[in-house]
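Reading through the structure tokens given below for one structure.
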2 protein chains.
Amino acid sequence: MSRTPPHPTREQIELPLVLDCLSDPIRLAIVYQLAQQERVSSELCCGDFNGLSGKSNLTYHFAKLRDCGLMQTRVAGTNRFMRLRREDLEARFPGLLDAVLKSAAKDADRLQLLST
Amino acid sequence: MSRTPPHPTREQIELPLVLDCLSDPIRLAIVYQLAQQERVSSELCCGDFNGLSGKSNLTYHFAKLRDCGLMQTRVAGTNRFMRLRREDLEARFPGLLDAVLKSAAKDADRLQLLST
DNA sequence: CAATTGGTTCAAGAACTATTGAACATTGCG
DNA sequence: CGCAATGTTCAATAGTTCTTGAACCAATTG
């Protein structure tokens, strides 16, 4: 439980899984929030998303985001720090993440995303 | 059954629904094939996708693609002609469809898409 | 009119998804 | 050590999704 969970390699990242991950409003909000944070520190920990859902439900969504290659988890003490796998995604699917993030930003109200 | 089915307006197109639609391999293949066809005629009918799945299953996926605003169906005699709602999607989510199509093209083998 | 073509509808089933809460594990701190 | 904080795991559940086949409908053709 204290070890770094498994992540897919860059090459293992699959388009349908990524799109499916991004199609869930909670996960989209997580990704959006991570992207916003990038300007500042590039990492956030689980607790920073407590506004989006309950803890165990977040764990579930984090796992999906990790499994599809969208984000990476780093274990540090009692915290898990997350960051977007921007470079890997850009390498596999150029322009995709940005297009999704821009689209999300456009609909921030409708999607109830917090615009930092 | 012979009437034109309902379509969402441009403004009603929702990001999560679009992403969810594109996350299914069969639907992604349909969209990809429609995009390929655009160079030629911009429309295809149901039968052109018979290689992807059975007829009734295709009807199901067509409905999803219609309901989320990705494509439009036009009834003509005994045929239904489909086309991508490129302009509406570009207006709502600039660059998104192209990014997805490019990503799909990159993984055409993996996704078993037929590259015209 | 009868048969064919192109596609839809409906019902059923298997599989998967998201959500919840309770119990648990690990780390850090007084 | 004892306790709080941070997350995870597990089981249960409600709901959704995809797939299939059989029956059906509407338009065209002979």
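Reminder, nothing fancy here: chain letters follow the sequence lines and each chain counts from 1.
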Whole-Å distance, A/K55 NZ to C/dT26 C1', equals 12 Å
Touch class at under 4.0 angstrom, heavy-atom based, for A/G77 against every strand present:
sugar-phosphate
- [ ] Under 4.0 Å between any heavy atoms, over every strand shown, what does A/G54 touch: base, sugar-phosphate, or nothing? Just pick one.
- [x] nothing
Rounded to whole Å, the CG-C1' distance (A/N50 to C/dT19) equals 15 Å
>> What's A/L58 touching, base or sugar-phosphate or nothing? Going by heavy atoms closer than 4.0 Å.
In response: nothing
- Message: Check this one for me: any side-chain N or O of B/H61 less than 4.0 Å away from OP1 or OP2 of D/dT19?
- Response: yes
* Should B/R80 be listed as having a side-chain N or O under 4.0 Å from OP1 or OP2 of C/dT8? -> yes
Check: OP1 or OP2 of C/dA18 less than 4.0 angstrom from a side-chain nitrogen or oxygen of A/R27, does that happen here?
Finding: yes
Heavy-atom closest pair (B/L101 atom, B/A35 atom, distance to 0.1 Å) is CD1-CB, 3.6 Å
When rounded to whole Å, the CZ to C1' distance for the pair B/F81 and C/dT5 reads 13 Å
Practice prompt. Ignoring hydrogens and angles, tell me if any N or O in the side chain of A/H7 forms a donor-acceptor pair with the backbone of A/D67 under 3.5 Å.
Written response: no
Atom CG of B/L17 and atom C1' of D/dT17 are separated, to the nearest Å, by 14 Å
Separation of C/dG21 atom P from A/N57 atom CG, nearest Å, is 11 Å
Separation of C/dT17 atom P from B/D24 atom CG, nearest Å, is 12 Å
Q. Does the pair A/D107/B/R92 count as a salt bridge with the N-to-O cut at 4.0 Å?
A. yes
### Query
Does atom CD of B/E11 have more than 12 heavy-atom neighbours from other groups under 6.0 Å away?
yes
Separation of D/dT16 atom P from B/Y60 atom OH, nearest Å, is 12 Å
- Message: For B/G95, is there any backbone N or O sitting under 3.5 Å from a side-chain donor or acceptor partner on B/D98?
- Response: no
Is A/T78 side chain donor-acceptor paired with the C/dG28 base, going by distance under 3.5 Å alone? no
Just to be sure I understand the rule, does A/N79 reach a base, reach only the sugar-phosphate, or reach nothing, if contact means heavy atoms closer than 4.0 Å?
sugar-phosphate
Between CD1 of B/I26 and P of D/dT17 the distance, given in whole Å, is 15 Å
Next item on the list: Give a yes/no on whether any side-chain N or O of A/K64 is located under 4.0 angstrom from OP1 or OP2 of C/dT17.
Entry: yes
